[in-house]
Amino acid sequence: WIGSLSAFLVTAIGPICGPLHDRGHFYLVFVGGALLQSFSLFMLSLAQPGSYYQVFLTQGIGSGIAQGLMYVPSFAILSQHFCKRRALVMSIVASGASLGGIVHTIMLNRLINGPIGFATGVRISAGLVTGLLFISCLLIRTRYETGHDSLPANTWKAAIKCVTEVPSLLMVTAFLFFQTAYLYPFFYFQLDSVRHGLSTSFSFYSLVIVNAASFCGRFSAGFIAHFISVVDLTILSTVACAVLLGGMIWLSSMESFIALGLLYGLLSGMNIAMMAPFMALITTDPSELGVRMGISFAITGKWSPISGALLTKQYIWWAPALFC
């Protein structure tokens with residue numbers, strides 16, 4: 001529940017921070033999210049063993065809201081500075097999530113399971129995140145401010161467009177279905193490898209492999225989209241990911257896990273990196289971008305836990321793979 005709630009809140013508060021961005025309150029939202037993220041991580045280091053509610057409040061709620069406050073504005077502001085190379089820049093920014101997944105996974109595993117322990121290890125991680133957020137707050141700048149008078153009408157109009165315009169409706173529906181299946185390998189890849197008799201050491205690094213490939217996919221997606229368009233790359237990566245998800249049924253050896261992890265991470269990373277550029281592509285009025293991104297991310301960013309229910313305690317691997 002902690003990870004699911006945090007991931008839910010990252011996109012769920014998009015309809016709130018998106019309009020605030022369009023109203024010209026970017027710094028208030030972004031800096032507020034950065035402060036809350038730093039505070040939540042340091043409070044997490046004080047959590048006592050067995051105190052579920054403390055981890056739930058800090059990691060699940062506090063960190064989830066903080067990331068949500070920064071998520072949509074950090075993408076929406078890019079459209080103020082870039083037009084022709086918007087997809088490239090957004091894909092590079094999106095690659096940061098996978099890079100963080102690699103660094104923090106390895107770092108926290110070494111710190112928490114080493115002589116340092118949980119509390120100090122989390123504080124070191126929190127210090128690193130706080131330093132990076134401080135640099136971001138100093139460097140990031142808006143290019144123009146949106147007028148306040150016309151915003152209520154624009155906000156409502158943009159919200160209606162998200163669910164009535166055919167291109168927007170098709171995009172939101174497509175990404176919603178993709179997001180329903182997207183995280184299945186990330187949640188169960190390690191468990192799958194352990195259940196098939198592979199070592200716990202490889203099981204840990206199997207997720208690092210997926211995140212590393214996802215970083216490459218996200219980073220390179222903007223370059224590839226320049227040649228085959230954002231729409232075509234999204235369609236191709238979606239179809240390829242669907243095939244690879246079905247391939248999880250036959251995973252058994254270390255080689256098969258590595259091959260599928262690399263391919264799925266690469267292609268799913270490309271798809272995720274194209275979400276923000278796709279939304280910007282079909283938004284004709286830049287003043288509505290924050291609202292439309294916020295609503296679209298809120299709708300598409302809900303991961304369904306049905307995969308775990310289909311897996312069951314008997315580990316029926318073909319059921320969630322075929323569903324996804």
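Keep in mind that this is a model prediction, so the values were computed, not measured. Hydrogens, waters and symmetry mates play no part in the numbers below; they use all other heavy atoms, side chains included.
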Q: Kindly indicate whether the side chain of Leu198, heavy atoms from C-beta on, has any atom under 4.5 Å from the side chain of Ser203.
A: no
Q. Quick one: are Ile140 and Ser136 in side-chain contact, heavy atoms under 4.5 Å?
A. no
Q. Below 4.5 Å, heavy atoms only, C-beta onward: do Leu28 and Leu20 meet side chain to side chain?
A. no
Q. Same hydrophobic cluster for Leu267 and Ile228, using side-chain heavy-atom links shorter than 4.5 Å among ILVMFWY?
A. yes
Q | Contacts of type side chain to side chain donor-acceptor pair (under 3.5 Å), residue Arg85, not counting sequence neighbours | A | none
Q) Given side chains that start at C-beta, do those of Leu133 and Met70 come closer than 4.5 Å, heavy atoms only? A) yes
Q: Look up atom CG in Asp232 and atom CZ in Phe227, then write down how far apart they are to the nearest 0.5 Å.
A: 14.0 Å
Q. What are the two closest non-hydrogen atoms of Ala221 and Ala273, and how far apart are they?
A. CB-CB, 3.9 Å
Q: Keeping the roles fixed (side chain from Ser95, backbone from Phe219), state whether a donor-acceptor pair exists under 3.5 Å.
A: no
Q) What's the spacing between Ser63 OG and Met43 CE if we round to 0.5 Å? A) 13.5 Å
Q: Please indicate whether Phe39 has more than 12 foreign heavy atoms, meaning atoms of other residues, nucleotides or ligands, lying under 6.0 Å from its CZ.
A: no
Q: State whether the side chain of Thr120 and the backbone N or O of Gly117 hold a donor-acceptor pair below 3.5 Å, judged by distance alone.
A: no
Q: Look only at the side chain of Ser193 and the backbone of Gln190, and say whether a donor-acceptor pair between them is shorter than 3.5 Å.
A: yes
Q) If you look at every heavy atom in Phe26 and Ser74, which pair is closest and at what distance? A) CE1-N, 4.4 Å
Q.
I want to check something: taking the side chain as every heavy atom from C-beta on, are Cys17 and Pro73 in contact at a cut-off of under 4.5 Å?
A. yes
Q) How long is the span from the OG1 atom in Thr105 to the CZ atom in Arg110, to the nearest 0.5 Å? A) 12.5 Å
Q.
Centroid separation under 6.0 Å, is that true for the rings of Phe189 and Phe257?
A. yes
(Q) Any heavy-atom pair between the side chains of Phe175 and Asn271 that's under 4.5 Å? (A) yes
Q.
Assigning hydrophobic clusters by single linkage (Ile, Leu, Val, Met, Phe, Trp, Tyr; side-chain heavy-atom cutoff under 4.5 Å), is Leu78 placed with Ile282?
A. yes
Q.
To the closest 0.5 Å, what do you measure between CG (Leu132) and CG (Leu128)?
A. 5.0 Å
Q: Tell me whether Leu36 is reachable from Phe134 by hopping between hydrophobic residues (I, L, V, M, F, W, Y) whose side-chain heavy atoms are closer than 4.5 Å.
A: no
Q: Kindly indicate whether the side chain of Leu88, heavy atoms from C-beta on, has any atom under 4.5 Å from the side chain of His226.
A: no
(Q) Taking Gln37's backbone N and O only, do any of them form a donor-acceptor pair with Ser40's side chain (distance below 3.5 Å, no angle check)? (A) no
Q: Tell me, with the steps shown, if Ile13 and Tyr71 meet side chain to side chain contact (heavy atoms under 4.5 Å, CB included).
A: CA-CA 10 Å; Ile13 65 173; Tyr71 187 62; over 6 Å; no
Q. Has His104 got more than 12 heavy atoms of other residues, nucleotides or ligands less than 6.0 Å from its NE2?
A. yes
Q.
Show every side chain to side chain donor-acceptor pair (under 3.5 Å) that has at least one partner inside residues 163-178, sequence neighbours left out.
A. Glu165-Arg292
Q: Tell me, with the steps shown, if Arg141 and Ile77 meet side chain to side chain contact (heavy atoms under 4.5 Å, CB included).
A: CA-CA 8 Å; Arg141 290 289 182 271; Ile77 194 175; 6.0 Å; no
Q. Taking a hydrophobic cluster as the set of Ile, Leu, Val, Met, Phe, Trp and Tyr residues connected by side-chain heavy atoms closer than 4.5 Å, whether directly or through intermediates, do Val129 and Leu35 fall within one such cluster?
A. no
(Q) Pair Ser38, Thr130 - check side-chain hydrogen bond (donor to acceptor under 3.5 Å, both in side chains), show working. (A) CA-CA 5 Å; Ser38 178; Thr130 300; 2.7 Å; yes
Q | Arg218 side, atom CZ; Leu99 side, atom CG - distance, nearest 0.5 Å | A | 11.0 Å
Q: Can you see which heavy atom on Ser253 is nearest to which on Ser256, and at what distance?
A: O-OG, 2.7 Å
Q | Test side chain to side chain contact (heavy atoms under 4.5 Å, CB included) applied to Phe178 and Ile272, step by step | A | CA-CA 9 Å; Phe178 179 83; Ile272 292 298; 3.9 Å; yes
Q. Which distance, rounded to the nearest 0.5 Å, do you find between the CD1 of Ile124 and the CG of Leu111?
A. 5.0 Å
List the atom pairs, donor and acceptor, that lie under 3.5 Å between side-chain atoms in residues 53-62 and the rest of the protein, sequence neighbours left out.
unit_1 : atom_1 : unit_2 : atom_2 : d
Gln54  : OE1    : Gln48  : N      : 2.8
Thr58  : OG1    : Gln54  : O      : 2.8
Thr58  : OG1    : Val55  : O      : 3.4

Q. Would a distance-only check, ignoring hydrogens and angles, find a side-chain to backbone donor-acceptor pair under 3.5 Å from Ser237 to Thr234?
A. yes
**Q.** Full working for side chain to side chain contact (heavy atoms under 4.5 Å, CB included) between Phe82 and Met90
**A.** CA-CA 9 Å; Phe82 300 94; Met90 286 185 172; over 6 Å; no
Q | Closest non-hydrogen atom pair between Val93 and Phe75, with its separation | A | CG1-CE2, 4.2 Å
Q: Report yes or no: does Ser214 contribute a side-chain atom to a donor-acceptor pair with the main-chain N or O of Asn211 at less than 3.5 Å?
A: no
Q. Where is the tightest heavy-atom contact between Gly121 and Leu108, given as atom of each residue plus distance?
A. O-CD2, 3.9 Å
Q | Side-chain heavy-atom pair Met171, Leu281 within 4.5 angstrom cut-off | A | no
Q | Hydrophobic cluster membership, Leu169 vs Ile295, 4.5 Å side-chain cutoff | A | no
Q: Give the minimum heavy-atom separation between Ala87 and Met274, together with the two atoms involved.
A: O-CE, 4.4 Å
